[in-house]
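Proteins get letters first, then strands, A, B, ... in listed order; numbering begins at 1 in each.
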Amino acid sequence: MASVLEKEQQLLDRPLGWNPRGLLAAAALVALLANFLPLWNLTMFAPQYPDGLRLDIYTFRLEGGNHGQDVKEINLLNHYIGMKDLAEEDFTQFRWLPFALGVLALLFLRAAVHGRVSQLLDVSVLFTYFGLFSLWSFGYTLYRYGHDLSPHAAVKVPPFMPPIFGHAKLANFDVYSFPKLGTYAMMLVVVLLAVAMVLAVRRRSAPVGIPVAEPAR
Amino acid sequence: MNGRIARIDLRDFKTKQILGPIPNVSGNHSSSFVTPNTEYAVMGTRFSIPLPKGTALPVEKYASDYKGILAGIKIDPKSGEMSLGWEILMPPFDYDLGDAGKKVSDGWMFFTSYNTERATGKLEVTASQRDRDYIAAIDWRLAEKANAEGKGKVIGGVKVLDPREVPGMVFLIPCGKSPHGVDVSPDGKYIVGSGKLAGITTVFNFEKIQTAIRNKDFTGDEDGIPVLKYESIKDAEVAVGLGPLHTQFGPDGYAYTSLFVDSAIAKWKLGTWEVVDKTPMSYSIGHLAAAEGDTVEPQGRFLVGLNKLSHGRHLSVGPSQPESSQLVDISGEKMKLLYDAFTEPEPHYAQIIRASKLHPIEVYPKEENHHPLAVWDLKDTGVTRQGNKVTVKAILTRSTITPTNFTVKPGDIVTVALTNIEQTTDELHGFGLLDYNINVVVDPGETKTVTFKADKQGVFPYYCTNFCSALHQEMQGYLVVSPTVN
């Protein structure tokens, strides 16, 4: 048992090679890039809206299709069922998400410079948690929109969960909800971290305490 | 009718300018043909009268003292704003239709005329005595130049050019008999005049016209305007059929002439002058429009015949009958009728252009609305008063007119400024006010005002008059006109 713990300790303390460090730096870059890409898209089609009403969610803002007009149109339609206007103030994620991504990117860079497996593991766990929490958080915001309906609405509908993934039929609308480039960028971050981890663990055979300046393999 | 010309902006399909009445032009019929780069749109007198307007002379003086006018309306190339360019004093004929020269004949404008007999009374007889009337050919660049040089004398408040004082500006082309349409071929080489009482369409050669002008190959004059020798300038008399009116062109050298009396379209070939096909039209076709058939690059494929009579083509709707317009496929050797549509009487002119050449907006962008009374936020709506002048800033949006009610005093002058704050295609709203005879429709992004004197006391519902949403019926409110209620 003690030897297992010791081996684990050795592994965690092991310095990272050039490749994992490079992957960490790349992960930092991709994480920052995710701020400029839409995370998720909802597009709603109805007979009256053959081109669809498009809503893109970024890490810090909402963007409606048709020069922003689609968000106004979605809100206008939602007011009939007593739903609150989709307002950026209601998305608390927009306040912490870009900041959190920045902090994580800095931690990736820190891990790349300090170069220990333990740090790689820390940032991997942190980022995965961050990603899952963000997903839940957006989901919960949408849940509240679908459930906090005004009792004075012109059209009473039972509270509902707007679709997070895939297709759903809401009244006369076919709603499609899918992740977009920003989310794929976040997934790429996870992949980069995982590959870095695999490469780091594979160095098991190498002698402990190898100089940091060892050429990349 | 009263010598006006309107400009419609194809960005929003709204009339942006109505110019006129243009002085001296009496009963404009030869409109609104434009020069190739829309330098000018033209107008012309149908009913010659003594000039200036207001001059009373007996009808017996028609031949000598009544005058016609041909006018060029200048068009600003950037803004499209129209203004009077030039006017030309013409003999008292009835000027009918026109077309501009293009390519080789660019710079010339052609107008048909009838009643060159200068007759009065029962014109159907008296104006149909001569075998040939005239197509007036105008060198409009020369008219433009003479006008710029200040030539001409003032009639009815504007400078009018006299052809006698500007030699080379106007020539008369004899064309049989009582020609209606004149149409220039896509290459500009042929001028096609259709004598509606002649049964032939005459094709004139622009080059021969130029040669005849150079050689002074004239047979006489009308009030000093040289008449070109028919035989020297004519290329062909095409026996298209009875009652030829208008000609349009395809991309392949074919011409299509409407035949009112025969109730048909004749397809014939430029150059060989051979009639290759005829198709019946229901009934008595007048104008016709081929796809870009007036341009230097006709598109072919489709042609619309604008018929003057429809009897029997539609379910009976009583004595006041619509006319029929018929869509004809001209892509093949034989013309094929595709479709009948029924239009308001009387379809008089049409153009077909490729839809891709138009780029209309679908809503008025908010940024472009500079109306001083426009409001975009519900909290900016409301009623203000200055003396007895009341201004209501109102917003129309699905599905409420805000304010939902307002009160004025009897005798107030009320201005309601209605802003449709929608930026969604096809979300028009209306404002109808009962018993005040007010109804206005406001496009998305547009602000319109209505002003009325609140001279009736009581309660007056207002409501959206343009169906907008599932709750359109609920889009209503009340105007209270009361000396006491506030």
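A distance of 9.0 Å separates NZ of Lys72(A) from OG1 of Thr424(B), quoted to the nearest 0.5 Å. Here the CD-CG distance, from Gln423(B) to Asp70(A), works out to 12.5 Å after rounding to the nearest 0.5 Å. To the nearest 0.5 angstrom, Lys366(B) atom NZ is 10.0 Å from Gln69(A) atom CD. For the atom pair Asn66(A) CG and Thr425(B) OG1, the distance stands at 6.5 Å (nearest 0.5 Å).
In Gln457(B), the CD atom is crowded: over 12 heavy atoms of neighbouring residues, nucleotides or ligands sit closer than 6.0 Å. A 6.0 Å sphere centred on NZ of Lys336(B) holds no more than 12 heavy atoms belonging to other residues, nucleotides or ligands. Within a 6.0 Å sphere centred on NZ of Lys14(B), heavy atoms belonging to other residues, nucleotides or ligands number more than 12. Around CZ of Phe160(A), the count of heavy atoms belonging to other residues, nucleotides or ligands within 6.0 Å exceeds 12. The environment of NE2 in His67(A) is sparse: at most 12 heavy-atom neighbours from other residues, nucleotides or ligands sit within 6.0 Å. The number of heavy-atom neighbours closer than 6.0 Å to CZ of Phe36(A), taken from other residues, nucleotides and ligands shown, is 12 or below.
The side-chain heavy atoms of Arg398(B) and Glu73(A), taken from C-beta on, include a pair separated by under 4.5 Å.
Contact annotation for Ser399(B): both backbone and side-chain heavy atoms come within less than 4.5 Å of a heavy atom of chain A. For chain B, the nearby part of His79(A) is the side chain; its heavy atoms alone come within less than 4.5 Å.
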**Q.** Steps toward side-chain contact (heavy atoms from CB on, under 4.5 Å) verdict (Glu422(B), Leu76(A))
**A.** CA-CA 10 Å; Glu422(B) 304 269 9; Leu76(A) 214 151; 3.5 Å; yes
